[in-house]
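These figures come from a predicted structure and were not determined experimentally.
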Amino acid sequence: MLYNKGLGAARKVRGGNRLNRRIGDVAGRQAGPNSRRYADFNVAIYTRAYEVQEMADLNWLDARFDVMQRHLKVGKVYLETHRDGVMPDEATIEGARAYLLDRGVEVGGGITYTVNERNRFQTYCYTQPESRAKVREIAEYTAKLFDDFILDDFFFTNCKCPACIEAKGARSWTEYRLQLMTAAAKDLVEGPARAANPDVRVIIKYPNWYEHFPALGFNLETQPAIFDGLYTGTETRDPEIGNQHLQPYESYEIFRYFEAIKPGANHGGWVDPFGSMTTDRYAEQLWLTAFSKAPEITLFDFRSIQGLIRQGQRAPWQEGRSEAPRNWGVGVDFDEMVSDHLQADGSLAEDATLALAAGHAFDLADGVVGQLGEPVGVLSYKPHHSMGEDFLHNYLGMLGIPIAMQPTFPSEAGTIFLSEAAKYDDDIVQRISRLVASGGNVVVTSGLYRALQGRAPGNAIEDIVELEVTDAKASVQDYQMGWFSSAHADMPITIPHIRYMTNDSWEEISGMTGSTGHPVLHSASYGNGKLYVLTIPDNLDDLYHLPAEVLGRIRETLSGDLAVRLEGPAKVCLFLYNNDTAIAESFLPEATEFALATGSDIRAIRDELTGDELVGEQVLDWRQRPTGVTRFSTKIGPHKFRLFRLERA
Ligand SMILES: [Zn+2]
């Protein structure tokens, strides 16, 4: 018998009126006798309406929750009131709430506005009156039951029913839906919820596909002001499988982006176990969310984290892990994780659930996150409702460049990065021009330059530098960086050819095809600053085939304002904080060498998890003169992270 624990806790259930709920909330926050908390973040579990219904049987709940609590320090549980037309009744919700409060666990509500999730995520129609009335009724029902609730990923619309087609009229779908869902947020959700419960806090959770939000009505410009807070989908899964192909760095980056949209009101990150072939990949998403300084991490969901860990989820790089020096970082140790759950025949016991893997990840991150200051990175402006070079910022993150996306143009910054998305700002050329002229460095992609070229003088990017991103392509595998530095890549990549005027602008990095060069990083002086054009390959994946030397020059250009930069191959990431702490994390399947490069203001770098001090060496130029750069070379194991502290001279 698997779930054989006594049901004493369930028998002690209190009444579920609002007064008790408040007392319970306070008890939860103060970590009552039954609750256990992580030091650096809160962990929550989200429960779908289907499983909330099952909780009518408290024995069913108790048996399952008991296993979760063995593996995790659960601080909060969200109980869903609606999904796919399923609405658990009030008595069931009150019973489950009382059970959880009794265990010192906070309880919040949740709504999934799907008509039928299994039918390609069919959402509600926000045009037809009956459908609108239902949306409103669900918000009211939930607000009467909870003082806070989260809208799961689906408060968007993909409805193209005849009524929606007619209402859209001459507008684009993007325009129609952006307006429709702003009004729906106010009139059908926030307003009715507040009328039903004046103390309610409505949190909108946005999913991981932020580039494509506008077309489906997620409005990052208007909705954050309407709702009390935001929540962030930080799941990235395996980029090689599924149909989203998200880069792991996004698990960190997207939380930071939403935090910049509504500072201080991004309540947490949210990860499901789907689409991760190894427990390492699942765990990484959880601690990357923690590295983003999310105050709460929600596990989706009560059902799926009961899934069993399979031996097949032991990653290939786990082999030989125990022999790897422990000072190469920490990560999932599969064998250690499951050691207490191995059966005589080598199979895993039935309590070795994904909650165990999540608990393993949280144990590794707890204690680390508390040492981190506020995240910092290369500022990058992404206007609201913009697209272009989709998800490029996450690829740059994977190249070891810490990125801080924000919805406003950083006019004071020293060095900023702009992808093609910046073309959505009608004033972007003037903004770039002013920042560069006043001494800033702006790195624009070839995609952005291309989008802005050919405009009339006065509003033309050519007013800064005359070049042309042409339709011609080159397949390059060799790179030249000035006279004395060259590099050869593991494979050729296809890049657009940029035409420029000799002696007016300069190749910093050239892709070589025999005796012809193609700018990969190009610079032009303007006023007191510089404009750089970074060539983006036709296929973003090709960025990972740029050699370490090329990546080093790109990082050097972008990281001018940062205390430290990374040297080494792609897929080693750097996370930087304003208190001189840094995390390096490798997503490579084998151990690799890398280095942290600093100016002379940094005297030493210490690994905070081992106490080891890294050995620094002065970097010399081609004439053997000191460059003022110190290189701290070290190693990192596969899918591991290391915590560093920089010590100032
Ligand atoms: Zn419709």
Side-chain angles (χ1 to χ4, degrees), residues 236-241 245-252 275-288 291 311-338 357 360-361 364-365 394-401 477 487-493 540-552 554-555 565-575 582-597 607 609-610 612 614-615 631-644:
T236 45
R237 312 184 177 117
D238 272 354
E240 297 86 2
I241 59 170
H245 316 298
L246 302 171
Q247 308 308 300
Y249 187 78
E250 184 180 336
S251 289
Y252 164 91
S276 297
M277 299 301 282
T278 64
T279 50
D280 301 53
R281 183 77 274 271
Y282 176 45
E284 280 166 357
Q285 301 170 67
L286 296 170
W287 67 59
L288 286 167
F291 296 166
Q311 287 285 4
Q313 287 172 297
R314 187 180 188 275
W317 53 82
Q318 290 285 335
E319 218 51 57
R321 171 149 280 196
S322 53
E323 290 92 60
R326 79 182 179 86
N327 56 4
W328 288 3
V330 298
V332 170
D333 187 323
F334 189 92
D335 298 340
E336 187 191 301
M337 177 174 76
V338 302
H360 187 69
L364 292 175
N394 301 319
Y395 288 83
L396 290 195
M398 293 301 289
L399 299 181
I401 300 163
Q477 189 168 11
H488 181 74
D490 60 350
M491 60 173 266
I493 67 172
L540 294 187
D541 224 30
D542 282 348
L543 287 165
Y544 299 146
H545 298 288
L546 292 172
E549 298 88 340
V550 170
L551 293 174
I554 294 171
R555 293 182 193 119
R565 68 173 190 273
L566 197 128
E567 293 184 355
K571 297 192 178 176
V572 180
C573 295
L574 182 66
F575 305 92
I583 286 176
E585 168 149 14
S586 173
F587 296 93
L588 293 169
E590 64 279 319
T592 189
E593 293 184 5
F594 76 106
L596 297 173
D607 183 320
L609 301 178
T610 63
D612 294 349
L614 305 191
V615 178
R631 177 183 293 136
F632 297 87
S633 299
T634 185
K635 287 191 174 180
I636 191 164
H639 293 268
K640 289 190 167 190
F641 67 84
R642 297 181 63 177
L643 169 65
F644 298 107

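- Side-chain atoms of Arg642 and Ser586 include no donor-acceptor pair closer than 3.5 Å.
- A distance of 4.0 Å separates CE of Met337 from OG1 of Thr279, quoted to the nearest 0.5 Å.
- Glu549 and Ala487 make their closest contact through OE1-CB, 3.6 Å (heavy atoms, listed as atom of the first residue, atom of the second, distance).
- Listed here is the closest heavy atom pair of Ile636 and Ala584: CD1-O, 3.6 Å.
- Taken from CG in Leu399 to CG in Asn394, the straight-line distance is 11.0 Å, to the nearest 0.5 Å.
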#### Entry: Phe644 and Ile583: CA distance, side-chain angles, deciding distance, side chain to side chain contact (heavy atoms under 4.5 Å, CB included) verdict
CA-CA 6 Å; Phe644 298 107; Ile583 286 176; over 6 Å; no

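- At least one donor-acceptor pair under 3.5 Å links the side chain of Asp607 to the backbone N or O of Thr610.
- The two atoms that bring Thr236 and Gln285 nearest to each other are N-OE1, 2.9 Å, heavy atoms only.
- The shortest distance between side-chain heavy atoms of Met398 and Pro248 falls below 4.5 Å.
- Under the 3.5 Å distance criterion, with hydrogens and angles disregarded, a donor-acceptor pair is assigned to the side chains of Tyr544 and Gln247.
- At least one donor-acceptor pair closer than 3.5 Å links the side chain of Gln318 to the backbone N or O of Phe334.
- From Thr592, atom OG1 reaches atom NZ of Lys571 across 12.5 Å, with rounding to the nearest 0.5 Å.
- Residue Ile493 holds its CD1 atom at 7.0 Å from CG of Leu543, rounded to the nearest 0.5 Å.
- A donor-acceptor contact shorter than 3.5 Å links the side chain of His360 to the backbone of Asp333.
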### Query
Do Lys635 and Asn327 pass the side chain to side chain contact (heavy atoms under 4.5 Å, CB included) test, and can you show the C-alpha distance, the side-chain angles, and the key distance before you say yes or no?
CA-CA 8 Å; Lys635 287 191 174 180; Asn327 56 4; over 6 Å; no

#### Entry: Steps toward side chain to side chain contact (heavy atoms under 4.5 Å, CB included) verdict (Val332, Glu284)
CA-CA 9 Å; Val332 170; Glu284 280 166 357; over 6 Å; no

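- Between Tyr249 and Phe575, the distance separating the two ring centers is shorter than 6.0 angstrom.
- Here the shortest heavy-atom pairing between Arg281 and Arg237 reads NH1-O, 2.6 Å.
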### Message
side chain to side chain contact (heavy atoms under 4.5 Å, CB included), that's the test. Do Glu585 and Leu288 meet it? Break it down for me.
### Response
CA-CA 9 Å; Glu585 168 149 14; Leu288 286 167; 3.6 Å; yes

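- Closest heavy-atom contact between Leu546 and Leu551: O-CD1, 3.5 Å.
- A 6.0 Å sphere centred on CD of Gln311 holds more than 12 heavy atoms belonging to other residues, nucleotides or ligands.
- No option in Phe587, Tyr252, Trp287 other than Trp287 meets the ring pair (Phe, Tyr, Trp, His ring centres under 6.0 Å) test with Phe641.
- Pairing each heavy atom of Cys573 with each of Leu566, the nearest pair is O-CD1, 4.1 Å.
- Here CZ of Arg631 is found 13.0 Å from CZ of Phe594. Values are rounded to the nearest 0.5 Å.
- Separating the OG1 atom in Thr278 from the CH2 atom in Trp317 is a distance of 4.5 Å, to the nearest 0.5 Å.
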